Amino acid sequence: MPVFNIERGESLGILIQQIINGLSLGSVYALIAVGYSLVYSILMFSNFAHGGFLVIGGYICYFVLKDMGAGILIAGFLSLLGAGAAAILTERLAYKPIREKTNNTLYLLIASMGMSIVIENIFVVTIGGRFRALPDIIPTTPIHLSGMATISAFDLISLLAAVVFLSILQLILVKTKWGLAIRAAAYNLRIASLMGVNVNLLISLTFFIAGTLASVGGIFLAVRYTLYPQLGGITIKAFVAAVIGGLGSLPGAVVGSIILGLAEMLTAGFISSQLRDLVVFFFLVITLLVRPQGLFGKDVGEKV
Amino acid sequence: MNERPILEIKDLHVSYGAIKALNNVSLYIEEGEIVSVIGSNGAGKSTLMQAIMGLVPRERGEIFLKGEPLARKSYQVINQGITLTPEGRQVFAPLTVYENLMMGAFSRKDRDKLEEDMNWIFSLFPILKERQQQYAGTLSGGEQQMLAIARSLMSRPKILLLDEPSLGLAPIIIKDIFEELRRINAEKVTILLVEQNARQALKLSHRVYVIQTGNIILQGDSKELLSHPDVEAAYLGLRKKSAIPCD
Amino acid sequence: MSAYTEGIICVLCINAIAVMGVSLVTGYTGIFSLGHAGYMAIGAYTAAILTARYSFYFIPAIVAGGLLAALIAYIIGVPTLKLVGDYYAIASIGLGEAIRLILENGGTFTRGARGFPGIPNYTNLTVAVCSFVIMAFLMFNLINGRFGRAFKACRDDYIAASLLGYNTAKYRILSLVISGFYCGVAGALLGGFLLYIKPLMFDMMKSTELTSVVVFGGLGSMSGTLLGMVIITLITEVFRPISQYRMLIYGAILVIIMVLRPEGIMGQYEFGPGMFKAIKEKFKGDHYSEEGRKV
Amino acid sequence: FDTIKIGSLVALTGDWAAYGQTEERSGQLAVDEINAAGGVLGKQVELVVYDFRTREEDAVNAVRRMIEVDKVVAIVGANGSGINNATKSVVNALKVPQLGTVSTNPDVTVDPNTGKAYPYSFRICFTDPYQGKLIAFFAANNLERMNAAILYDIGSDYSHGLREFFIENYENYGGNIVADLAFRAGTDVDFRAQLTEIKDKKADVLILPDMGKEMALIMKQARELGMDDIIFVGGDGYGEFMWEIAGDAMENSYWINHVAPEDPAMAPFFAAYKEKYKDECKEFTNGILAYDGVYLLVDAIRRAGSEDPTAIAEALAASDHVQLHHAVITMDEFHNPKDKEGIVLIAKEGRGQFFTKIQP
Amino acid sequence: MAKKSNQNVLQLENLTKYFGGVPAVNDISFSIEEGKLAGLIGPNGAGKTTIFNLITGVYPPDSGKILFWGEDITYLKTYQAIGRNMARTFQNLRLFPHSTALENVMVALQQHHSYSFIEAITHLGGWGKKEREIKAKSMDILDRVGLADRANQKARTLPYGMQRRLEIARALALEPKFLFLDEPAAGMNPEEVNALNTLILGIHKELKFTILVIEHHMDLVMEICSHIICMNFGTKIAEGNPMEIQSHPEVLKAYLGE
Ligand SMILES: Nc1ncnc2c1ncn2[C@@H]1O[C@H](COP(=O)(O)OP(=O)(O)OP(=O)(O)O)[C@@H](O)[C@H]1O
Ligand SMILES: Nc1ncnc2c1ncn2[C@@H]1O[C@H](COP(=O)(O)OP(=O)(O)OP(=O)(O)O)[C@@H](O)[C@H]1O
Ligand SMILES: [Mg+2]
Ligand SMILES: [Mg+2]
């Protein structure tokens with residue numbers, strides 16, 4: 001009969017396990033949320049096509065690995081490059097003409113929803129809706145922690161990747177003049193260009209970075225879970241995480257993701273799996289009611 | 001003299017849809033000059049500045065910088081040494097005063113000189129030094145205007161365009177700023193100035209253009225124009241109907 | 001008239017009522033909502049339960065559906081409407097999903113995710129068209145007048161609006177409540193049309209569709225919203241024979257319209273005498289980017 | 001008309017696109033074969049395929065269009081009970097028979113208020129109560145595992161139905177439900193929270209009344225959490241693509257299905273499918289039921305001897321030992337196939353292999 | 001509400017507001033009598049706009065009291081304060097940029113020419129009459145500030161100077177008893193400033209408003225205001241009639257720079 005690692009009543013073990021689960025889930029959210037937040041920080045709109053970049057990255061990796069027989073380094077590199085390029089292309093085709101005509105970011109938001117439908121369905125009509133899985137390029141083997149809980153190497157790697165990418169980005173944003181330019185451009189593109197900022201280049205760059213981050217997220221998701229055209233849809237949770245953390249704030253995106261991951265796992269584990277999403281959304285709304293600009297969002301007092 | 005003027009505008013036309021904002025505007029600025037443009041509300045002064053900066057597309061006409069065609073994208077214009085202090089402040093509200101000034105210096109290559117210039121700016125506008133870490137959006141109106149001017153100075157332009165720099169400033173500050181403009185000009189910075197405060201502008205500048213509903217209707221030496229018989233009319237901008245009824 | 005045409009007209013009318021509500025809240029008041037399908041769900045379940053279980057006559061059931069949705073909108077709106085922009089948008093996703101999740105966990109009362117069958121067929125062509133005409137009449141009247149202007153003022157600059165003496169919070173909530181009512185009625189009609197409802201019908205995808213139609217048609221233009229809705233519905237119907245490309249085309253058209261006319265197919269204009277002049281002007285220009293005189 | 005039109009209601013876009021595409025292809029394959037063999041009533045058959053985006057409003061108008069514009073005489077699909085629940089009012093009002101492929105909810109064919117079958121609604125699969133009973137029977141009697149955990153999709157009517165009927169029957173067979181947990185397909189991809197609890201509750205069998213992708217992920221994550229001894233039992237959501245996702249975690253799981261892929265009778269189908277589409281038919285349950293659905297409809301047309309939808313519906317209702325590829329169908333008074341055997345697959349060596357047939 | 005004997009419409013008592021460590025307004029007291037046209041001057045950053053913001057409830061003071069017609073309005077919300085019959089313009093323009101000039105005025109004017117929700121959705125009752133009235137009166141006001149021919153132009157496409165006048169028109173449309181003008185003459189040329197003089201004086205005489213105006217154009221202030229308050233660094237440094245102010249040593253030092 002079954003042999004369990006956890007003795008009944010060892011609820012500490014379960015708690016630890018759920019925390020590990022939450023951190024691991026949160027780190028994948030973080031990879032997506034950071035790219036999403038980055039685009040938000042400059043163009044001030046929620047880029048719903050971000051999930052699409054993630055899918056593009058995932059598929060490129062999949063096909064390079066499977067059909068071209070290349071190694072993970074090449075596949076990963078091409079997939080980052082491809083998703084980054086797709087992000088730039090999306091910006092050029094769909095967003096640039098709009099932001100040149102108007103300041104209202106709602107239009108960008110709708111265009112991004114359109115783009116996400118387009119990207120999803122390009123995959124549906126070309127390669128079909130089937131679920132695919134990447135080979136185990138990132139080890140998912142479990143490591144048992146003294147019989148209390150298990151953690152997979154994958155969890156550690158994704159957490160690490162999230163932290164590394166975040167730190168690099170944060171450095172760029174805070175320490176370089178380009179980072180400052182991103183924040184200035186976020187407020188007003190026209191005036192930023194009056195300061196000598198090549199705004200289009202800056203935006204393309206931002207999208208490229210966001211695209212590559214999405215692609216990393218996509219590969220992680222595809223390995224951990226599965227790859228299919230609608231995979232981008234789960235980024236909604238990452239959006240929620242970015243909002244909890246404060247839109248446009250990269251540390252916020254990471255902290256929000258971790259909090260969300262933990263909240264989901266602890267709710268499902270200790271309150272009710274049926275109410276998991278309800279609790280998550282409730283949590284989101286409560287956070288916003290207490291801090292309308294998110295945990296790390298800046299509330300710049302508006303002068304009248 | 002054979003040398004071309006530093007900035008030369010030929011037959012410039014700009015429209016906003018049906019509204020014709022600039023109509024066949026030609027003007028030039030010699031190196032080291034201060035030239036002012038005056039005219040009433042809606043004459044097209046700001047449009048002229050924005051057209052130079054590439055912020056609005058030119059419908060027709062050409063702009064030359066030292067005889068070479070001027071770039072059309074604003075970031076390229078900046079890199080050619082032209083800077084605009086835009087009308088109505090337009091500081092980066094969510095950035096601090098310090099960060100706004102750093103943005104002003106964005107296109108500068110000689111980044112080791114920034115510290116020095118920052119000090120120069122702070123000596124010009126001591127209040128900005130006090131407010132270095134305040135968000136620009138929360139400054140008072142006049143402080144924002146000072147910041148906007150300071151921000152353009154941080155780029156160390158060869159040609160400085162100013163759109164109503166005296167807006168919302170106390171007289172004493174205006175005086176200081178105009179003095180400073182004269183001093184900068186002495187260091188070979190060419191200045192194009194749009195002012196409602198026409199008397200002050202005329203006193204400061206070498207030459208002046210008067211613009212009315214998109215056309216240049218008068219130009220000449222500032223000192224002469226100050227005593228020109230039509231100048232009174234030029235002040236008014238030759239409006240058909242007074243802007244505000246005076247019963 | 002064939003049942004197919006009839007079906008399309010019914011769906012058009014039902015959707016039209018829903019998007020009018022969303023247009024009011026998003027286009028006029030500037031509250032970007034991605035959760036209005038939730039209000040449809042409330043209307044649909046209320047009317048379904050009242051008619052199927054308690055044998056209500058359908059008109060009071062529909063009105064009750066609308067009113068309950070409006071009430072819930074009020075309860076939700078009071079605390080959350082102080083959020084602005086994308087923050088409210090994301091929160092509204094949560095609120096919309098929460099309504100759906102509650103319905104899914106509603107046990108035998110709502111029959112949960114398995115859906116609610118056996119709704120009497122009260123939405124026929126006449127009912128749908130009449131409801132639409134009445135609701136459109138009221139809505140167009142509302143926006144043509146002081147409320148329309150007040151909503152727009154709150155949208156454009158809430159600080160300026162409050163400095164003109166407007167209690168902006170009140171207007172935002174009023175607008176949400178009215179839109180909740182509209183979506184509730186639309187949901188109630190949908191139930192009587194499909195005769196079967198389930199929570200999953202009212203997911204975020206549905207909310208997104210409602211909102212994109214509003215932007216597609218033109219923010220702040222009720223007629224644009226309706227025109228946009230007709231176009232989008234017809235596109236999906238016309239391209240039915242090339243089924244798998246349908247969503248691709250739909251997405252592409254959404255993007256293309258935004259790129260070519262970001263202000264939507266109607267801009268801010270309404271059908272009416274002044275429209276052509278206004279549109280002519282619009283096409284000639286004035287599309288220049290605004291200066292960010294934000295402060 | 002020189003062709004007889006059959007409607008095919010499938011989801012080609014949206015979350016179910018993978019299944020819809022297979023159904024469309026399989027249906028078309030059946031039509032091609034039938035036409036090659038001379039058609040029916042001397043005419044060629046034509047398949048009119050409409051997408052419904054996994055949305056009820058869309059499906060209702062698709063069905064109206066098939067009937068009114070394209071004049072189809074019968075409809076095969078859809079594959080979801082919710083969709084059929086919405087379209088049943090249309091087909092019964094317009095009097096054209098509709099044959100659900102994997103629509104297992106009882107309400108699809110039977111009016112819950114009167115307990116009578118709708119005259120124009122049919123299905124080719126067995127129902128949730130029956131499938132739930134099969135799973136319970138198998139877990140309790142064949143596997144002799146009496147402590148079950150369930151992990152179901154809270155947003156899915158299919159999942160709910162199966163769960164409910166499983167619990168009812170399993171308890172009758174003397175089993176204990178030690179954990180009854182939920183998730184949400186689409187947004188949830190991580191199930192470790194629930195699995196951790198299931199592990200804690202010492203369940204010895206995990207019932208998965210879900211669709212393929214989620215089941216695959218659940219099994220994979222369960223094994224990662226070190227749940228090495230728990231047995232997975234699922235329903236007809238099984239698909240071969242799950243192997244790609246779950247890998248070894250699939251080994252020795254059991255699936256109560258309508259069909260078995262290695263059923264010799266189905267070999268020609270798989271071969272023809274591969275030949276025509278250069279692709280394996282991995283979502284074979286949907287594929288086979290759509291394929292045989294077309295055959296069943298054509299057989300009914302032949303038996304009715306007429307293109308009149310009402311006659312076809314009557315013929316369908318009167319189906320008695322109709323030999324299809326995957327089964328022999330006899331319609332009962334509720335328009336459900338009578339006493340269809342449950343086929344238990346065991347996942348082994350990268351595919352689902354026939355394990356046993358059960359009939360409680 | 002009982003009018004005070006000295007007829008002080010507005011009375012500030014020891015008003016203080018800090019931003020961070022900076023006292024934007026520091027222990028300010030002054031009062032304005034009914035029917036006065038008063039000026040508030042001071043160098044940049046003196047705290048003038050902040051005083052307007054405190055009065056109109058944009059933010060609450062740290063301490064002190066604001067009385068309006070004798071009523072304590074210190075902690076009222078913005079819309080409540082405005083509802084007490086005051087109106088203001090903004091130093092940094094705050095028009096509704098996407099609405100036309102006319103709409104900008106109408107949205108303010110309708111505050112006092114309202115009709116019920118039922119009338120609004122049915123267009124019955126007083127709707128038509130009220131709407132026509134709102135429109136006609138709005139046009140009158142636009143005409144008064146010289147913008148009648150720009151009535152249908154989008155606010156944001158108006159040149160700067162006209163946007164300023166539109167702001168004044170919108171404030172007038174609120175039909176206030178007390179008007180606060182924050183740098184109304186900014187962005188106008190001398191001739192236009194003259195015309196503005198006349199406009200403000202006209203409004204003051206005709207409509208019997210009490211007006212408090214912030215300005216840096218000294219000619220304007222000295223010409224039209226009968227009472228002037230001067231502040232610097234958040235504190236009041238002088239108060240009196242133009243003659244007194246112009247000769248006040250501290251004012252000269254701090255402000256006029258002479
Ligand atoms: N974005 C725009 N769209 C349409 N018309 C515009 C736009 N911007 C300016 N205009 C119009 O162009 C004309 C010139 O405007 P401009 O701002 O250049 O005037 P100005 O001389 O700077 O006036 P001011 O002294 O008031 O600043 C005006 O009639 C104005 O209404
Ligand atoms: N929201 C705020 N946050 C921080 N500091 C502020 C804020 N609002 C105003 N200040 C500061 O308070 C001081 C007074 O500002 P205020 O706007 O009242 O000046 P003002 O007298 O109107 O000046 P100006 O004539 O330049 O408009 C300024 O130094 C300003 O920087
Ligand atoms: Mg100007
Ligand atoms: Mg001020």
Side-chain angles (χ1 to χ4, degrees), chain A residues 1-6 8-11 13-14 17-18 20-22 24-25 28 117 120-121 123-125 128-136 140-142 144 149-150 152 154 221 224-231 233-234 236-237 261 264-270 272-277, chain D residues 11-22 145 147 151-152 154-155 179-184 186-197 199-205 212-214 216-217 220-221 223-231 239 241-247 279 282-283:
Chain A
M1 282 310 326
V3 182
F4 284 95
N5 293 326
I6 304 173
R8 188 171 270 288
E10 260 195 57
S11 56
I14 300 175
Q17 183 67 57
Q18 297 293 26
I20 292 173
N21 297 345
S24 141
L25 183 64
V28 179
I117 298 176
E120 172 185 322
N121 282 283
F123 285 108
V124 172
V125 299
R130 178 169 293 168
F131 306 103
R132 293 161 206 268
L134 281 181
D136 277 348
T140 49
T141 27
H144 295 265
T150 54
S152 97
F154 177 93
L221 277 176
R224 183 120 197 59
Y225 309 116
T226 169
L227 183 59
Y228 60 109
Q230 291 83 15
L231 177 66
I234 74 156
I236 197 72
K237 287 272 181 71
E264 274 193 44
M265 287 303 181
L266 295 179
T267 309
F270 295 106
S272 157
S273 60
Q274 279 85 345
L275 298 180
R276 165 172 168 172
D277 282 13
Chain D
L12 295 174
T13 53
D15 267 356
W16 299 355
Y19 302 104
Q21 284 170 341
T22 301
R145 298 260 170 151
N147 295 306
L151 196 42
Y152 69 100
I154 190 160
D180 177 20
L181 303 176
F183 64 91
R184 170 173 303 280
T187 53
D188 285 358
V189 285
D190 204 302
F191 311 95
R192 283 176 289 176
Q194 293 92 321
L195 290 169
T196 304
E197 189 178 339
K199 185 175 173 184
D200 180 50
K201 294 276 166 57
K202 299 189 195 269
D204 51 12
V205 57
K213 176 186 57 156
E214 280 76 27
L217 290 173
K220 182 177 169 198
Q221 290 169 19
R223 294 294 187 235
E224 270 172 39
L225 281 175
M227 300 165 72
D228 300 328
D229 297 298
I230 199 159
I231 296 182
F241 67 90
M242 287 161 60
W243 285 92
E244 228 184 285
I245 302 171
D279 192 9
K282 289 192 178 177
E283 295 77 14

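Below, chain A is the first sequence line, B the second, and so on; all start at residue 1. None of these values were measured; they are calculated from a predicted model.
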Task: Interchain contact, D:L12 with chain A, by part (heavy-atom threshold 4.5 Å) - done: backbone
TODO: Would you mind checking which part of A:L25 comes under 4.5 Å of any heavy atom in chain D, side chain (CB onward), backbone (N, CA, C, O), both or neither?
DONE: both
Task: A:I20 CD1 to D:R192 CZ distance, which is reported to the nearest 0.5 Å - done: 9.0 Å
- [ ] Using non-hydrogen atoms and a 4.5 Å limit, figure out which bit of D:L217 sits close to chain A: side chain, backbone, both or neither.
- [x] side chain
Task: Residue A:N21 versus chain D: region with a heavy atom under 4.5 Å - done: both
Task: Option that, when pairs with chain D are counted at under 4.5 Å, heavy atom only, ranks first among A:S24, A:P229, A:G261 - done: A:S24
TODO: For chain A, find which of D:Q221, D:E197, D:R184, D:K282 contributes the most heavy-atom pairs closer than 4.5 angstrom.
DONE: D:K282
Task: Listed partners of A:E264 passing salt bridge (Lys or Arg N to Asp or Glu O under 4.0 Å), at least two apart - done: A:K237, A:R276
- [ ] Could you tell me which portion of D:I154 (side chain, backbone, both or neither) has an atom closer than 4.5 angstrom to a non-hydrogen atom of chain A?
- [x] side chain
Open item on the list: Using the salt bridge (Lys or Arg N to Asp or Glu O under 4.0 Å) criterion, which residues pair with D:D180? Sequence neighbours excluded.
Closed with: D:R163
Task: Within-4.5 Å side-chain heavy-atom neighbours: A:T226 and D:E244 - done: no
TODO: Identify which of D:M242, D:K213, D:Q194 forms the greatest number of heavy-atom pairs closer than 4.5 Å to chain A.
DONE: D:K213
TODO: Below 4.5 Å from any heavy atom of chain A, which atoms of D:D279 appear? Answer side chain, backbone, both or neither.
DONE: side chain
